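Below is one structure, written out as structure tokens; the observations come after it.
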Amino acid sequence: MVLLLLFIVWEIIVRVLDTPDWLLPAPTKIFYEGFVGWSNFYPDLLSTIEISLFGFAVGAVIGLAVAVSLHLVSFLRNALYPLLILSQNVPIIVLAPLLVIWFGFGLLPKIIVITLVCFFPITVAALDGFRQTPAELKHYMNMAGSTKTQLFWKLEWPFSLPSIFSGLKISATYSVMGAVISEWLGSKQGIGVYMTLASSSFRTDRVFVAIFAIMFLSLLFFVLIVLAEQKLIHWQPKGEDRN
Amino acid sequence: MSHLLVKDVSKSFGKNEILKGLDFSIEKEEFVSIIGPSGSGKSTIFNLIGGILTPDCGGIYLDGDSINGKRGFISYMPQTPSLFPWRTILENVLLGQELQGKKEILKAKEMLEIAGLADYEKAYPHELSGGMKQRVAFIRALLSPQPVICLDEPFSALDELTRFDMQKWLLSIWESHKRTVLFITHNIEEALFLSDRVIVLTNKPSNVLTEIIVPFPRPRNEEILLDETFMEWKRKIYYSLVGKEKREK
Ligand SMILES: Nc1ncnc2c1ncn2[C@@H]1O[C@H](COP(=O)(O)OP(=O)(O)O)[C@@H](O)[C@H]1O
Ligand SMILES: [Mg+2]
């Protein structure tokens, strides 16, 4: 609803001020371009979806693996956690050209970029979940004679799932952004390429088509994760905070 | 030979001496309560028996074998129900068995039925009242295959009425299932009502002050609470606990 209102206001302003299309096209023009240029745009869209999904999957697996190993080996955790945070301070835009130099223009550097963007929220969320496991439940498990493996799989892992899913949600939306950035590195296809071409030829309407597509994809991924979460976690009391 | 033997056990945390020369034992199928002021190291005794802590000196023996620092020999019910919120009630009561290997789903269902929780098999813990959760936690301990059940102040967080219901309920279940139970409490009445024997602890560093063999025959019902002799025993234990505290001040 709010979105619709925004579009209407936008449309009116553009018409009243008569702004040139290369500066700010009206929403109707953008949708028109999206519709007419669909056959042209859709291979790019598909390609981006593909690498974001792939990158997200790799990022999620690595993110969880890092979290689990840091959690189970406490000296690793102390040694590597600061390093992890530092890794997030390196801007991807700076890192990207380096990755191209090291790994060429293939799929690998792109996946690395998306993974770098995706794994961190998952790792942090999972580690937080593991650490917040209630002490009384751990105490019960220990008293009842559970092994370390049982403690992890029967308690810490299921307890952390909601937290892990929050991480997954953030990462899923980031993954589309990561994919577009990785396409700027040099690619034959993808929304990123489409966007670069559009902006260099002042087809602002197409830039907006790309922006809307990115937003829509992010939202879609987000919703998919939420659905998966609802399917997997059905024990939480409705509308009540978990503690 | 006694079933569970705690022999001359001492434990300190740093300079804080908690247990000193603690000695007691339990026979098979006996219901024994340990009573002592809070902070006297009762939970610490359980942590030692459960193998989470190891005694500084002395030993803990099950059927003659030392279980110092070894886990998995007791089944446990903590003060808070400690149910897993993502497991249904049935899955929760099976957890203790699951950790040790085999699951007896039919027996679990039967126990839930006896406890009046048959309708809640598929419910999640947050749907249950405090008393019901404690029943679930007790059934979980009862179903666990270990020979000794340790209950650490299981009813102290409940309101007075629920607590009394729970005591009667526990008694009836125990009288028909006869397991070895070690029961921690700071409630004198509860200890007398439930147990065959009451072990009274001194204040820190704790050891056994007196042992009282509870004379009331089983099966017991609530009428004994009003019995003259029951009151007398209650007074005795009370004075031995308080008397000790006074002397320390
Ligand atoms: N792991 C521990 N480290 C240090 N001190 C502890 C630890 N566990 C218990 N204590 C101390 O031991 C004393 C007895 O505790 P506890 O066994 O829980 O008493 P109770 O169960 O009788 O109330 C307390 O003063 C507590 O501070
Ligand atoms: Mg205690």
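All of these numbers come straight from a predicted model, not from anything done at the bench. Below, read A as the first sequence line, B as the second, and so on, with proteins coming before strands; counting in each chain starts at 1.
Shown are B/R140, B/K107, B/K103, B/E104; of these, the side-chain hydrogen bond (donor to acceptor under 3.5 Å, both in side chains) with B/Q97 is made only by B/E104.
Heavy atoms of B/I49 lying under 4.5 Å from chain A are absent altogether. With a 4.5 Å cut-off on non-hydrogen atoms, A/L161 does not touch chain B at all. At a 4.5 Å heavy-atom cutoff, the contact between B/E98 and chain A is made by backbone and side-chain atoms alike. For B/P78, the part lying near chain A is the side chain, with the backbone staying farther off; criterion is any non-hydrogen pair under 4.5 Å. With a threshold of 4.5 angstrom between heavy atoms, B/I74 approaches chain A through its backbone and through its side chain. With a threshold of 4.5 angstrom between heavy atoms, B/F46 approaches chain A through its backbone and through its side chain. Looking at A/E136, both its backbone and its side chain come within 4.5 Å of chain B, counting heavy atoms on both sides.
Identified under the side-chain hydrogen bond (donor to acceptor under 3.5 Å, both in side chains) test for residues 111-131 of chain A, with sequence neighbours left out: A/D128-A/R131.
Side-chain atoms of B/N68 come within 3.5 Å of backbone atoms of B/I60 as a donor-acceptor pair (strictly under, hydrogens ignored). Between the side chain of B/N92 and the backbone N or O of B/P125, no donor-acceptor pair lies under 3.5 Å.
Here B/W86 is the residue among B/Y124, B/W86, B/F73 with the most heavy-atom pairs under 4.5 Å with chain A. No other option in B/G50, B/G96, B/P85, B/S75 has as many heavy-atom pairs under 4.5 Å with chain A as B/P85.
Between A/F152 and A/W157, the ring planes are tilted. Angles from 30° to 60° get that label. Relative orientation of the B/W169 and B/F138 rings is perpendicular, given thresholds of 30° and 60° on the angle between their planes.
A/D44 and A/S47 share no side-chain donor-acceptor pair at under 3.5 Å.
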